[in-house]
Amino acid sequence: MPATPDLWHHYGRARAIRDRAVPRAIRWDWAQAGGPGAEVLGDLGGCVVGELGAGAGRHAAHLVAYHAPAEMLAVDASPAQHALTVGLYGHLAPRLRCVHAGAVEHLRVGAGAYDVLYSVFGAVDFTEPRALLPAACAALRPGGRLVFSTLAHHVGGAPARPEVTATEIPARTPDGAVMSMRRWVLTASVWANALERAGFAGVRADVLPAAGDREHAVGTLLVRAFRPAG
């Protein structure tokens, strides 16, 4: 694990105190207010499913409770987020496995292990695509699918980048010091090209319009791709 401050230490902690329920739905848009639900992932019955950058594990817990995967792995590199997932939803074990690992590190030791991988503004946003996407493709079984939601444009309104280049965004260390982290906010065509270079096929990218109040009025890019079956 990287010997750097946990920049996700504060994320979701206030909500975890007041809301410990398993969500009744999964949403892909930035505001968590509209758009499609878990049906985007297809039939998960009997599947091995992984969430990359699972945060507090709310989406993973929903899938375990309502969609009958054989096994659900909630993967996150943050010690704080991993601990939140265990504390909130550890009771869903063994069908829910909480994995403390970086996404690329985890995927590289599990070739062909997954039927479905997904990310909801998670590790796909915050991991170098040229490392993550090939690892994800190799970790899927033939015919397996990757689904992720990401920003359609920067939160401040600036357009997505027309090349595979990260944006530095502000973050806080556990003690409150200001640092920065990298986030990949890319156009749909750049994501499609990166996915195809990584070995994926059948790439589809849909823009979900901004929903919610002005603070959360950010468009979402919902991307789907498959590892070729042959």
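Because the structure is predicted, anything quoted here is derived from the model rather than measured. Excluded from the calculations below are hydrogen atoms, water molecules and symmetry mates; all remaining heavy atoms, backbone and side chain alike, are included.
If you take CG on D115 and CG on L41, they are separated by 12.0 Å, rounding to the nearest 0.5 Å. Here the straight-line distance linking atom CD of Q32 with atom CZ of R27 works out to 9.0 Å at 0.5 Å rounding.
By the ring pair (Phe, Tyr, Trp, His ring centres under 6.0 Å) test, F121 is found to be paired with W30, residues two or more places apart in sequence or in another chain being considered. Looking at residues two or more places apart in sequence or on another chain, you find no salt bridge (Lys or Arg N to Asp or Glu O under 4.0 Å) involving R197. Scanning for ring pair (Phe, Tyr, Trp, His ring centres under 6.0 Å) contacts around F200 gives an empty result, with sequence neighbours left out. Take M181 and apply the side-chain contact (heavy atoms from CB on, under 4.5 Å) test, not counting sequence neighbours, and it matches L7, W8, F126, I169, A171. Taking the side-chain contact (heavy atoms from CB on, under 4.5 Å) definition, one finds that P134 meets it with A198, sequence neighbours left out. E128 meets the side-chain contact (heavy atoms from CB on, under 4.5 Å) test with R130, A131, V164, W184; sequence neighbours excluded. Evaluation of the side-chain contact (heavy atoms from CB on, under 4.5 Å) rule for T165 yields R161, E163 as partners, not counting sequence neighbours.
Sorted by first then second residue, the ring pair (Phe, Tyr, Trp, His ring centres under 6.0 Å) pairs that include residues 160-180, not counting sequence neighbours, number zero. Residue pairs meeting the side-chain hydrogen bond (donor to acceptor under 3.5 Å, both in side chains) criterion with at least one partner in residues 43-58, sequence neighbours excluded, are E51-Y118, R58-Y89. Applying the ring pair (Phe, Tyr, Trp, His ring centres under 6.0 Å) test to pairs two or more places apart or on separate chains, those with a residue in residues 49-85 are H62-Y66, H62-H67, H82-H100. Within the structure, no pair that satisfies the ring pair (Phe, Tyr, Trp, His ring centres under 6.0 Å) test touches residues 35-58, not counting sequence neighbours.
Here R95 does not pair with E71 in a salt bridge; the nearest charged N to carboxylate O distance is not below 4.0 Å.
L44 has its side chain within reach of L63: a pair of non-hydrogen atoms, C-beta onward, lies under 4.5 Å apart. The closest side-chain heavy-atom distance from P228 to P142 is not below 4.5 Å. Counting heavy atoms from C-beta outward, T4 and M179 have side chains that stay 4.5 Å or more apart. Contact of the T167 side chain with the R182 side chain is not registered, since no non-hydrogen atoms from C-beta on lie closer than 4.5 Å. Taking the side chain as every heavy atom from C-beta outward, V223 and L146 never approach each other to under 4.5 Å. Using a 4.5 Å heavy-atom cutoff, the side chains of V104 and T127 are in contact. By the 4.5 Å heavy-atom criterion applied to side chains, L132 and L107 are counted as neighbours. Looking at heavy atoms from C-beta onward, L151 lies out of side-chain contact with L221 at the 4.5 angstrom threshold.
A donor-acceptor pair is defined here as one N or O able to donate and one able to accept, closer than 3.5 Å; no such pair exists between the side chain of T220 and the backbone of D29. With E39 contributing its side chain and G37 its backbone, the two residues share a donor-acceptor pair below 3.5 Å. In this structure, the side chain of R224 does not engage the main chain of R204 through any donor-acceptor pair within 3.5 Å. At least one donor-acceptor pair under 3.5 Å links the side chain of H153 to the backbone N or O of G219. Using modelled atom types, no side-chain atom of Q81 and backbone atom of G57 make a donor-acceptor pair closer than 3.5 Å. Under a 3.5 Å cut-off, the side chain of R145 and the backbone N or O of R227 do not form any donor-acceptor pair. A donor-acceptor pair is defined here as one N or O able to donate and one able to accept, closer than 3.5 Å; no such pair exists between the side chain of D6 and the backbone of S78.
Both V75 and V48 sit in one connected hydrophobic cluster of ILVMFWY residues. Membership requires side-chain heavy atoms under 4.5 Å apart, directly or through other members. Follow the hydrophobic side-chain contacts under 4.5 Å out from L73 and you reach V124 in the same cluster. Under a hydrophobic clustering in which Ile, Leu, Val, Met, Phe, Trp and Tyr are joined whenever their side-chain heavy atoms come within less than 4.5 Å, directly or via other members, V120 and V49 fall into the same cluster. Two different hydrophobic clusters hold V203 and V116 under the rule that ILVMFWY side chains link at heavy-atom gaps under 4.5 Å. V147 and L133 fall into different hydrophobic clusters, defined by Ile, Leu, Val, Met, Phe, Trp and Tyr side-chain heavy atoms under 4.5 Å apart, directly or through other members.
Minimum heavy-atom separation, L96 to A74: CD1-CB, 4.1 Å. Smallest separation of non-hydrogen atoms from L117 and A139: CD1-CB, 4.4 Å. Nearest heavy-atom pair across A65 and V22 is CB-CG1, 3.8 Å. The two residues L52 and S119 make their nearest non-hydrogen contact at O-OG, 3.4 Å. Minimum heavy-atom separation, S180 to E168: OG-OE1, 2.9 Å. Between G55 and T85, the closest heavy-atom pair is O-OG1, 2.8 Å.
Aromatic rings from W191 and F148 are positioned such that their centres are separated by under 6.0 Å.
Side-chain contact of T150 with D125: a donor-acceptor pair under 3.5 Å is present, judged by distance alone. Side-chain contact check for T173 and H9: no donor-acceptor pair (N or O, by modelled atom type) lies under 3.5 Å.
The hydrophobic cluster around V178 extends to none of the other residues, as no ILVMFWY side-chain heavy atom falls under 4.5 Å of it.
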